[in-house]
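Shown next, in C-alpha cells, is the structure this report addresses.
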Amino acid sequence: MLDIQLLRKDAALVAERLAARGFAFDAARFDALEAERKTIQTRTQDAQSRRNTLSKQIGMLKGKGEDTAVVMAEVAGLGDELKQMEARLSALQAEISDFLMEVPNLPHESVAHGLDETANVEVNRWGTPRSFDFAVRDHVDIGERLGQLDFAAAVKITGSRFSVMKGGLARLHRALAQFMLDMHTGEHGYTEVYVPYLVNADSMRGTGQLPKFEEDLFHVPRYASQECTDVDKLYLIPTAEVPVTNLLRDEIVAVEALPLKFVAHTPCFRSEAGSYGRDTRGMIRQHQFDKVELVQMVRPEDSYAALEALTGHAETILQKLGLPYRKMALCSGDMGFSAAKTYDLEVWLPAQNTYREISSCSNFEAFQARRMQARFKVGQGKPELLHTLNGSGLAVGRTLVAILENFQNADGSVTVPEALHPWMGGMDRLIPA
RNA sequence: GGAGAGGUGGCAGAGUGGUCGAAUGUACCUGACUCGAAAUCAGGCGUAGGUGCAAGCCUACCGUGGGUUCGAAUCCCACCCUCUCCGCCA
C-alpha cells in the first residue's frame, strides 16, 4: 500500500510514476473520494463530539439528582442523523482502502522503464554454459530414463502439474533444500524458521497477494463442511514470503533487533491460472513445488544495500552448485505488484537453450510493512515502518531441473555436484536402474 | 468431540451502564538527591485519524464484528483466540 499522505499531496506525480509500470492510477477518483471523506469525517466527528458532551451532562445531572429532560430532548434528535453519517463515513473509508489496496508499489528510481520483460536489463553473467558432444535431453527425459521421475503417477494420484520423485532423485531434491538452508543459516546469518503452510486472508493482504490475485491461490474452508465465505478461507501459501513476512505484522520491534533475517524451506502452491499453455512439460511450472526463501526486515536506509546482499546470497548457491546464470534487473512493467525493485536470477537450461528464472529478489520498501503495520522504534521515539525484502534462495524444483540438464552424461547418468555430497550419503551420480 | 474458565495499556491487574482512554503495581523515560550508582521523591509514559502556523482541540480504539441505550470496557448476539479437565490422536 502506498502512503496516503503522498497521494493527498501529489496524486499527479504518483500517477506518472505508476504509468511507468503500466498502471493507470485514477487520480480524479481518488481526489473525489478524499474530498467527500474529509467533509463527512469532519461533520461526523463534530456530531459525535456534541453527543458526547451532552451525554456527559446527563450523567452529571443524574448524579446530582436533577432533571435531565431538557438535555435528553436536545440529544434525541442527534441519533439518526449521526448513525447515517457514521455509516456513510465507514463506507467511504472502506472504498478508499479498497482503492488503495489495488494500487501497486512505485518503482525505485534506478528501475528501467518498460512495459514487459523485453526491457529488462542484464546486470551480469556467471559461468559458461557447457558444450555437449551428445544430444542433450531435457530433465523430463533424463528423470524418466533414470526411472526416478514419474509424471504419470502424479496425474493418477492428483492431476496435471504435479510430480513424483523416487530414489536418488528424491534424495537429491532433499539434499538441495538442506544445502541451501545450511548455507544461509551457517554462512549468511539467517535464522531458520518453520511456518504454517495455510494462512488467513489478513496475511495474504499483508504481503499483497490479496485482494488482487485471488485466482492464483488455492484455498480450503477453515472447517470441513462449511460454506466458504471470505473470512473462513485458509489459503495455501504460494511462497514462504507470506507466513514469514507476516511474522512482523502488527509488531513494533526495537531498532536494535534489525536487521531480521529469516530463511524457510516450504512447499509452495500456485494455481497457475491463465498459464495453461506455458511450460506444460516437466517440472518448470507446477502446482506444488519446494522453495527455500530468504526474508529480511531492515531499517529503511539499509534496504537497497540489503537487496544487493540478499541477491548475492541466492547467487552463492548457484555458484557453489556450478550452475551458469545471469542476473537481470527487472524493468518497471515486469515487476511484481508489491516490489519497488527486483532482480531475477536466471539459470542456464541446456535443453531449452536459454536462461530461466530460478530466483526473484525484491525490495518492497515500506509497501508491505504499511499494509501489515510492521514497525520498529528507536528508543522512545515514534514507531516507523520498516522495509521488507525477500528472494528465493532458491526454487528447489527448478534447481533440480538445472542440475539434471547441466550435469547429464551421455550414458543417461547425472553427476551430483560436489557441494551436495555431504547430504547424498556417498552417492555421486544418479544412474539409470 | 464433551464440560468449564477467560481475553483490559510493555507486563501484572482493578473496573458490571454515566466526567473511564481506563485505578493500582511494575517496567521504561526525564528531572531532583549522589563523586557515581542503588534507594527515595517529582513529572512523564499507548495506537491511529481529523483539524490548526502553532500551543492545542476533536474523534475512534478495553479479542473481532454487530446490536440495545441520550451514554457501553461494563448489557445482548455471533465469531475468533487462550487456558483447565475428559475423550481421541501423529
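Chain letters run A, B, ... following the sequence lines, proteins first, then strands; residues in each count from 1. Just so it is clear, the values below take in all heavy atoms, side chains as well, and ignore hydrogens, waters and symmetry mates.
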_d(CZ, R375(A); C1', G10(B)) in whole Å_ = 14 Å
*When rounded to the nearest Å, what value does the distance between C1' atoms of G13(B) and A27(B) take?*
14 Å
_Rounded distance in Å between the P positions of C41(B) and U51(B)_ = 44 Å
*A48(B) P sits how many Å from M1(A) CE, rounded?*
13 Å
_Once you measure the plane-to-plane angle for F25(A) and F30(A), does it fall in the parallel (<30°), tilted (30-60°) or perpendicular (>60°) bin?_
tilted
_Testing the 3.5 Å rule here: is there a donor-acceptor pair between the side chains of R285(A) and S275(A)?_
no
_Identity of whatever pairs with G31(B) - Watson-Crick or G-U, under 3.5 angstrom_ = C41(B)
*P spacing across the pair G71(B) / C85(B), given as an integer number of angstrom*: 44 Å
*asked:* Students often mix this up, so state it plainly: with edges at 30° and 60°, are the rings of H313(A) and Y190(A) parallel, tilted or perpendicular?
replied: perpendicular
*Can you tell me how far P in U24(B) sits from the matching atom in A5(B), rounded to whole Å?*
31 Å
*Looking at every strand, decide which applies to R37(A) at a 4.0 Å heavy-atom threshold: base, sugar-phosphate, or nothing.*
sugar-phosphate
*Between K382(A) and U47(B), is there a side-chain N or O to OP1/OP2 distance below 4.0 Å?*
no
*Which one is paired to A78(B), where only Watson-Crick or G-U wobble pairs with both distances under 3.5 angstrom count?*
U64(B)
_Span that lies between the C1' atom of G67(B) and that of U19(B), in whole angstrom_ = 26 Å
*Using Watson-Crick or G-U wobble geometry with both distances below 3.5 Å, tell me the partner of C57(B), or none.*
G50(B)
*asked:* I want to know whether H108(A) and Y304(A) have ring centres closer than 6.0 Å.
replied: yes
_Base paired to G21(B) (Watson-Crick or G-U; both N/O distances under 3.5 angstrom)_ = none
_Residue whose closest nucleotide on RNA chain B lies nearer the 5' end, M60(A) versus K38(A)_ = M60(A)
*With C1' as the reference atom in both, quote the distance from C81(B) to C28(B) in angstrom, rounded to an integer.*
29 Å
*Could you state the atom-to-atom distance from NZ of K233(A) to P of C80(B) in whole Å?*
17 Å
*CZ of R370(A) versus P of G49(B): gap in Å, rounded?*
11 Å
*Is R17(A) paired with D10(A) through a side-chain N to carboxylate O contact shorter than 4.0 Å?*
no
*Return the value, rounded to whole Å, for the distance between atom CZ of F376(A) and atom C1' of G10(B).*
19 Å
*Would you call K83(A) and E86(A) a salt bridge, using N to O less than 4.0 angstrom?*
no
_Tell me whether the side-chain N/O atoms of R8(A) come closer than 4.0 Å to OP1 or OP2 in G50(B)._
yes
*Give the rounded distance in Å between these two atoms: CD of Q41(A) and P of A48(B).*
15 Å
*Verify whether one side chain among E405(A) and H139(A) offers a donor that lies under 3.5 Å from an acceptor in the other.*
yes
*Write down the partner of A3(B) under the Watson-Crick or G-U wobble criteria, each distance required to be under 3.5 Å.*
U84(B)
_Rounded C1' spacing from C80(B) to G66(B) in Å_ = 14 Å
_Integer-rounded Å distance: G50(B) P and Q93(A) CD_ = 9 Å
*Classify every nucleotide of nucleotides 58-70 of chain B by which part a protein heavy atom approaches to under 4.0 Å, writing B for the base, S for the sugar-phosphate alone and - for neither, in 5'-to-3' order.*
BSS-------S-B
*C1' spacing across the pair A73(B) / U64(B), given as an integer number of angstrom*: 15 Å
*Given the side-chain rings of F218(A) and Y235(A), with only the six-membered ring counted for Trp, is the space between their centroids under 6.0 Å?*
no
*What's the CG-C1' distance between D250(A) and C81(B), to the nearest Å?*
15 Å
*Counting only Watson-Crick or G-U wobble pairs whose two distances fall under 3.5 Å, which nucleotide matches A90(B)?*
none
_Distance-only donor-acceptor check, side chains S163(A) and Q286(A), under 3.5 Å_ = yes
